[in-house]
2 protein chains.
Amino acid sequence: MRMSALSATTEVPVATIKYYLREGLLARGDLSAPNQAAYGEAHVRRLRLIRALIEVGGIGIAGARSVLAAIDSDMPTEQTFGIAQLTVSEQIDPADLDPNFLDRVDTALEGWHVSPQNPGRLAAARALMAISAAGQDDLRGWVRRYTEAALLVASADLDEVDAREDRQEKAELVVVGTALGDALFSGLRRAAQEHVSAERYFQGTAARTDGPSNATSAASSHRDSQEES
Amino acid sequence: MRMSALSATTEVPVATIKYYLREGLLARGDLSAPNQAAYGEAHVRRLRLIRALIEVGGIGIAGARSVLAAIDSDMPTEQTFGIAQLTVSEQIDPADLDPNFLDRVDTALEGWHVSPQNPGRLAAARALMAISAAGQDDLRGWVRRYTEAALLVASADLDEVDAREDRQEKAELVVVGTALGDALFSGLRRAAQEHVSAERYFQGTAARTDGPSNATSAASSHRDSQEES
DNA sequence: TATGATGGATAGCCGTACTATCCGATAGTT
DNA sequence: AACTATCGGATAGTACGGCTATCCATCATA
């Protein structure tokens, strides 16, 4: 399989494949001559993985490089988790994190085994800080309820990983789950918001695919315009 | 309050404030002369909101403009939800979405009131498609468990919004919750992953802040290097 | 009336993710 | 053997997003 065939089967432009080769995301094909390389199924798989991570996972080229390296290495699954987490969460300097919000997070996480450096802990604190800075501070049990949901999701994640035998398979699932699980969850969350909203304020109307009772999807027009003192 | 004071209290560079003014994210101050403008508390609040949306929420300038316009308008809360959802979820063309994955999502969402155009439904389908393309297909109850967690989170969201009186407050919470809730949740999810992992494989070690039993945060070295046929 | 800050307009910068062009080597056809 | 299309690789260019820097006339203050 030459590069153009690889391009055709994956729908990734040749120029982009060359770019990934340059960036070290994709291994070069077997050279039978200085300008004839052979690519195989492994390359197809890898290329699809790269696209998924970058396009949907939103992890950049550098991030893709680091998680792919983790998959290809022989490190244990927990360490792969760590790298995947570090990669998807952009780096946060604990220094510019108000300790109050770290405390709030730690309170919500009471009893959990989470290291202080866990990227998620820091990210959660930063999110809370931003929410508070944006003027929303009185959040009652909101955070705690999020925490419970997060526990469910994390259990599902780990169960799924545990179900695999091969360490390569495990590693790939860890990376894919970490990078794309966020996207999946937020999609489902938005769907759930519409559902709950519909149930509460328009309850009684029939289920999906029919009603014009679409609570949250009513957006249109109303763009721009913004004044204030 | 002049622009430099606004800059000082919010820690946003003057040049950046000017940029936001140009982009219509922030209203101009009251001009007492062609080069003397007065800014007030409302501007401080708004500026902090903008920073939170852009820095943490990852919503771009254009996205910020559209949700801010929604806040400032007098549209009903459900419509604000719709706009916030459209804004945080990047547009997906249903055409390049394999119907099989939409079906899978719809199966997981069975019995819910969700319109076919709901951005979350489409985003979830795309995430599933990417996960499958990345070679992870056999996901048993994973999606369903995510769905259950999403329902919890959405209920928490709606409860919180319902607790507000003022429509402006409601609208701001909708926007902030939609844009920053994802960040909060994924942070908590990562923390939960470490917790569950620790409980399962190192169970018995004491709670946070102590043990070296940090399952997922062990990442380090092991960067780069990647070969394959 | 001199000094420095102010607001606004314009142009430039930087990083990221590609994309386009060129080139000499090779493969397949005749 | 000649010709043409295609190949892999190197290099340079592009598009966009989010700022950042410079300029300038105007103003507050001393």
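From a predicted model like this one, the values you see are computed outputs, not experimental measurements. Below, read A as the first sequence line, B as the second, and so on, with proteins coming before strands; counting in each chain starts at 1.
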A:Tyr19 and A:Val12, any side-chain heavy atoms less than 4.5 Å apart: no
Rounded to the nearest Å, what distance is computed from the CG atom of residue B:Asp30 to the C1' atom of nucleotide C:dG8? 17 Å
For a side-chain hydrogen bond (donor to acceptor under 3.5 Å, both in side chains) check, start with the C-alpha distance between B:Tyr39 and B:Arg46, then their side-chain angles and the critical distance, and finish with the verdict. CA-CA 11 Å; B:Tyr39 295 90; B:Arg46 173 55 57 99; over 6 Å; no
Phosphate contact (D:dT20 OP1 or OP2) by B:Thr16 side-chain N/O below 4.0 Å: yes
In this structure, how many angstroms lie between the P atom of C:dA20 and the CD1 atom of A:Ile17, rounded? 15 Å
D:dT6 phosphate, OP1 or OP2, under 4.0 Å from A:Ser4 side-chain N/O: no
Nearest-Å distance for atom pair CE/C1', residues B:Met3 and C:dG4: 17 Å
From the options D:dG9, C:dA9, D:dT20, select the nucleotide whose nearest atom is closest to the side chain of B:Arg28. C:dA9
Note: for B:Lys18 and A:Gly29 on DNA chain D, the residue whose nearest nucleotide lies more 5' is A:Gly29
Taking A:Glu23's backbone N and O only, do any of them form a donor-acceptor pair with A:Arg65's side chain (distance below 3.5 Å, no angle check)? yes
Can A:Arg126 and A:Asp96 be counted as an ion pair, charged N to O under 4.0 angstrom? no
Just to verify, which of B:Arg164, B:Arg167, B:Arg45, B:Arg48 counts as forming a salt bridge (charged side-chain N to carboxylate O under 4.0 Å, His left out) with B:Glu172? B:Arg45
What's B:Ala15 touching, base or sugar-phosphate or nothing? Going by heavy atoms closer than 4.0 Å. base
Measure from OH on A:Tyr39 to P on D:dC7 and round the result to the nearest Å. 11 Å
Spacing of A:Glu23 atom CD relative to D:dG9 atom P, expressed in whole Å: 15 Å
Pair B:His195, A:Asn118 - check side chain to side chain contact (heavy atoms under 4.5 Å, CB included), show working. CA-CA 10 Å; B:His195 166 61; A:Asn118 180 288; over 6 Å; no
Check the pair B:Arg104, B:Asp98 against salt bridge (Lys or Arg N to Asp or Glu O under 4.0 Å), reporting the backbone distance first and the verdict last. CA-CA 10 Å; B:Arg104 284 211 221 170; B:Asp98 183 335; over 6 Å; no
For the residue pair A:Ala127 and B:Val56, what are the closest heavy atoms and their distance? CA-CG1, 4.1 Å
Within this structure, what is the CD-to-C1' distance between A:Glu55 and C:dT16, rounded to whole angstrom? 15 Å
Length of the line joining B:Leu21:CG and C:dT10:C1', which is rounded to integer Å: 16 Å
Heavy-atom protein contacts under 4.0 Å, nucleotides 23-30 of chain C, coded B base, S sugar-phosphate only, - none: -BBSS---
Does the protein touch nucleotides 12-18 of chain D at the base, only the backbone, or not at all? Give it as B, S and - per nucleotide, heavy atoms under 4.0 Å. B-----B
Atom CD of B:Glu11 to atom P of D:dC19: distance rounded to whole Å? 15 Å
Parallel, tilted or perpendicular: ring planes of B:Phe185 versus A:Phe185, cut at 30 and 60 degrees: parallel
